[in-house]
Number of protein chains: 2
Amino acid sequence: MPRRSSGRVTLQDIAERVGVSKVTVSRCLREPQRVSETVRLRIEEAIDVLDYIPNRQAGALSSGRSLSVALLVPSISNSVFSEVQRGVDEGLREAGYQVLMGHTGYSILEEERLIDTFLAYGVDGFVLSSTRHTDYAQRLLNRARLPVVETMELTDNPLDINVGLDQRVAGRAIGEALITAGYRRIGFCGARLDYRVQQRLAGWEDALKAAGLSTQRCQTTPRPSSYRLGGELLSAMLERWPDMDAVFCCNDDLAAGALFECQRRRLEVPGQLALAGFNGLDITDATWPTLTTVITPRRAIGEQAARLIVERLQGAPHAPSRHDMGFEIALRQST
Amino acid sequence: MPRRSSGRVTLQDIAERVGVSKVTVSRCLREPQRVSETVRLRIEEAIDVLDYIPNRQAGALSSGRSLSVALLVPSISNSVFSEVQRGVDEGLREAGYQVLMGHTGYSILEEERLIDTFLAYGVDGFVLSSTRHTDYAQRLLNRARLPVVETMELTDNPLDINVGLDQRVAGRAIGEALITAGYRRIGFCGARLDYRVQQRLAGWEDALKAAGLSTQRCQTTPRPSSYRLGGELLSAMLERWPDMDAVFCCNDDLAAGALFECQRRRLEVPGQLALAGFNGLDITDATWPTLTTVITPRRAIGEQAARLIVERLQGAPHAPSRHDMGFEIALRQST
DNA sequence: TTGAAAGCGCTAACAA
DNA sequence: TTGTTAGCGCTTTCAA
């Protein structure tokens, strides 16, 4: 006895209605030009009438390709990654791939879990938003022999493709920009302290040390960043180092929060304190004063990641590569 | 001749290594207690050694259940939805479901496309973030007989389950709050003008009309909202209605942008102009002055949606239901 | 241009 | 407790 079928319309239903075999219908969907015009038109009509939706699971199982790519980001609510996501999504969709998104909550263990999950779903490739992974995750990825793009930061040992920017150089650049602007008692405030933030901090130290300035004014916390936290960190810093004349905040959320705190304290920005952020989110260009920041090419990173992964999916050979997408310092009213 | 196999480790590989049949391995994964302890331990060891990852496509094809649910949101970058997403994700993950996310860009046509795509992926249910859909999308959903939750706003004719809040009543409530606070020449500024914004606008009108106040001070645009747009709209309004004493912005982004514009113009908030937003995003509690807003229970909406969909997936009967999750007016410094 | 047969990796139903 | 058999819906291969 046949198992109860799902009730869904299948290729077979279309085939029967049209009076051809199901291979012909399948072919008509994938390579229409290989089917005679008359048959094609009748098949298309039947598909329309019956509201046929192909079963991708069956297709993927049979062909070994799922036409989907996993995109893992640390956080959904952090708008930094939504730009990357847009770039990836657009590029992959054009090429006929569906993007499946997961968020790791900045945890490499959760990333590992998601890699496992998406491998089980049969994705054809991965876009990751870090270069740091668990050993097991790396083993899974290597074994799967799928194209993998690591984004956001650069690494000397990419798993496969690496698209990002040098976070340390960018941190140094904003430090130097503050120094050039005449500031001398420059602080750093950082939250979350993931790898990228640590790199920015190192860059800030590079700049200050090269100029013979003190790097003591450094306030960090593992807590996730938020506007309010920006205010809290700034308050703590003002208390410890009342002489501070500028602060580089590790991201724009903290910088905006610090700015709001300055407004609350009626502290003039940049008159009494200069502020700089990192990423170039929309808000940096909307506040008053507008915020100096490092504009990171997040959209371009996503687009490039998509482009490269599509190349690989279309047969380009595996050859580790590294793509430095650069960054731009935006000097605004806050410095 | 057998087709080239994928090279991946399969149930069969585990079975051979252990010396049992593959059903036993499959069973061991799904109902471990139905397999003898000795066999179970050896299977678990083999899975570990071989780094076996189940093929979910095959499993789904065979069982008719994919253990995944699609969540469609209008926008990824809009943090309003990231809270909903968190709630949904958490609830569904606990129950063993994977959430697949898509974003519609506020287009019901794109929503239709995504529903089609995710049906092709065999998802077991949908969480949508609106109550408005194309006819075809509704037909697809009805035919699929899957649990569907429509979130965010309420409707009298839910497709299935509806979890949200009455956007119009909320708009009216904030209007009334402004009136109670003594404001009389109250404006409305809105962007995007999706259904929810239209409802909030209608609520604002309700409040003003009930109090015998003019509803002429209404500035809207179909453009997507952003901080900068909030500033632009406010500028336009101040020009047209210089006597305005308060503005209800249809969302917090516009409200924050309007606040920044006031700061730029050295217009005192709330002294010369009061501002109110909608949603209760983090920023409303961080700016100076803090922003009066309507706090929407987005996280709770997501959690409730997850709970209800899981119930249905576990066999609860289809019975259209509507869940009003309410809202809360937060009176802050800006009014 | 079309079709028959085999099989992707898994699970459900039934039998032992 | 374990295994046999059949089939989920599709694509690939090969033949006509």
Side-chain angles (χ1 to χ4, degrees), chain A residues 1-43 47 50-68 96 119-124 144, chain B residues 1-43 47 50-68 119-122 124 144:
Chain A
M1 202 190 75
R3 277 233 309 268
R4 85 270 167 280
S5 134
S6 65
R8 256 173 69 163
V9 178
T10 70
L11 271 190
Q12 184 68 50
D13 297 319
I14 305 293
E16 279 167 15
R17 188 169 214 278
V18 174
V20 293
S21 78
K22 58 180 187 169
V23 231
T24 304
V25 180
S26 170
R27 199 176 278 128
C28 180
L29 287 167
R30 287 171 299 114
E31 312 165 278
Q33 72 287 359
R34 286 195 46 198
V35 169
S36 71
E37 172 123 10
T38 32
V39 171
R40 184 165 57 71
L41 291 175
R42 296 179 51 215
I43 289 178
I47 286 178
L50 298 180
D51 282 339
Y52 169 66
I53 297 181
N55 182 327
R56 282 225 189 204
Q57 292 161 340
L61 184 58
S62 179
S63 70
R65 282 166 296 113
S66 69
L67 297 182
S68 65
L119 281 173
Y121 274 98
V123 296
D124 297 330
Chain B
M1 204 190 76
R3 274 226 323 259
R4 85 272 167 280
S5 128
S6 67
R8 253 173 72 164
V9 178
T10 71
L11 271 189
Q12 185 67 52
D13 297 319
I14 306 293
E16 280 168 14
R17 188 169 214 277
V18 174
V20 293
S21 78
K22 58 182 188 170
V23 230
T24 305
V25 180
S26 171
R27 199 175 278 130
C28 180
L29 288 167
R30 288 171 297 114
E31 310 165 279
Q33 72 286 359
R34 285 195 46 198
V35 169
S36 72
E37 171 121 10
T38 32
V39 172
R40 185 166 55 71
L41 291 175
R42 294 177 54 214
I43 289 177
I47 286 177
L50 299 180
D51 282 338
Y52 169 66
I53 298 181
N55 182 329
R56 284 226 189 200
Q57 293 162 337
L61 184 57
S62 178
S63 70
R65 282 166 296 114
S66 69
L67 297 181
S68 66
L119 281 174
Y121 274 99
D124 297 330

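Naming convention: chains lettered A, B, ... in sequence-line order (proteins, then strands); numbering from 1 in each chain.
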**Prompt:** Separation of B:R8 atom CZ from C:dC8 atom C1', in whole Å?
**Reply:** 11 Å
**Asked** At under 4.0 Å, does any side-chain N or O of A:Y52 touch on OP1 or OP2 of D:dC10?
**Response** yes
**Message:** Is B:R30 close enough to C:dT11 that one of its side-chain N or O atoms is under 4.0 Å from OP1 or OP2 there?
**Reply:** yes
**Item:** Residue met sooner reading DNA chain C from 5', once A:V35 and B:I53 are mapped to nucleotides
**Value:** A:V35
**Asked** Rounding to a whole Å, what distance do you find between A:L61:CG and C:dG7:C1'?
**Response** 9 Å
**Item:** Exam field: side chain B:Q57 to backbone A:Y121, donor-acceptor pair closer than 3.5 Å
**Value:** yes
**Prompt:** Say you draw a straight line from OG1 of A:T24 to CG of A:L29; how long is it, rounded to the nearest 0.5 Å?
**Reply:** 11.0 Å
**Request:** Would you indicate, yes or no, if C:dC10 has its OP1 or OP2 atom less than 4.0 angstrom from a side-chain nitrogen or oxygen of B:S62?
**Result:** no
**Fill in**
The reported gap from OG1 in B:T10 to CD1 in B:I53 (rounded to nearest 0.5 angstrom) is 13.0 Å
**Asked** Atom OG of A:S62 and atom CG of A:N55: how far apart are they, to the nearest 0.5 Å?
**Response** 11.0 Å
**Item:** Nearest-neighbour nucleotide for the B:V23 side chain, D:dT12, C:dA12, D:dT11 considered
**Value:** C:dA12
**Message:** Expressed as a whole number of angstroms, how long is the span from A:L11:CG to D:dT11:P?
**Reply:** 6 Å
**Prompt:** Between D:dT1, D:dC10, C:dG9, which nucleotide has the shortest distance from any of its atoms to the side chain of B:S36?
**Reply:** D:dT1
**Asked** Between C:dT11, D:dT2, C:dC10, which nucleotide has the shortest distance from any of its atoms to the side chain of B:V39?
**Response** D:dT2
**Asked** Roughly, in whole Å, what's the span from CD in A:Q57 to P in C:dT11?
**Response** 12 Å
**Message:** Taking only side-chain N and O atoms of A:R65, does any of them lie within less than 4.0 angstrom of OP1 or OP2 on C:dC8?
**Reply:** no
**Request:** State the OG-CD1 distance between B:S36 and B:I43, to the nearest 0.5 angstrom.
**Result:** 8.0 Å
**Request:** Write down the distance between CD (A:E16) and C1' (C:dG3), rounded to a whole number of angstrom.
**Result:** 15 Å
**Item:** Which nucleotide in D:dG3, C:dA12, D:dT12 has an atom nearest any side-chain atom of B:S21
**Value:** D:dG3
**Request:** In whole angstrom, give the distance that lies between atom CG of A:L119 and atom P of C:dC10.
**Result:** 14 Å
**Message:** Please classify the nucleic acid contact of A:R40 as base, sugar-phosphate, or nothing, using heavy-atom distances under 4.0 Å.
**Reply:** nothing
**Asked** Ignoring hydrogens and angles, does a donor from either the side chain of B:R27 or the base of D:dG3 sit under 3.5 Å from an acceptor on the other?
**Response** yes
**Message:** Measuring to OP1 and OP2 of C:dG3, would you say a side-chain N or O of A:T24 lies under 4.0 angstrom away?
**Reply:** yes
**Asked** Counting any heavy atom closer than 4.0 Å, what does A:R34 reach on the DNA or RNA strands: base, sugar-phosphate only, or nothing?
**Response** base
**Prompt:** Which distance, rounded to the nearest 0.5 Å, do you find between the CZ of A:R27 and the OG of A:S21?
**Reply:** 7.0 Å
**Request:** Specify the separation, in whole Å, of atom CD1 of B:I47 and atom P of C:dC10.
**Result:** 10 Å
**Item:** d(CD1, B:I14; C1', C:dG9) in whole Å
**Value:** 13 Å
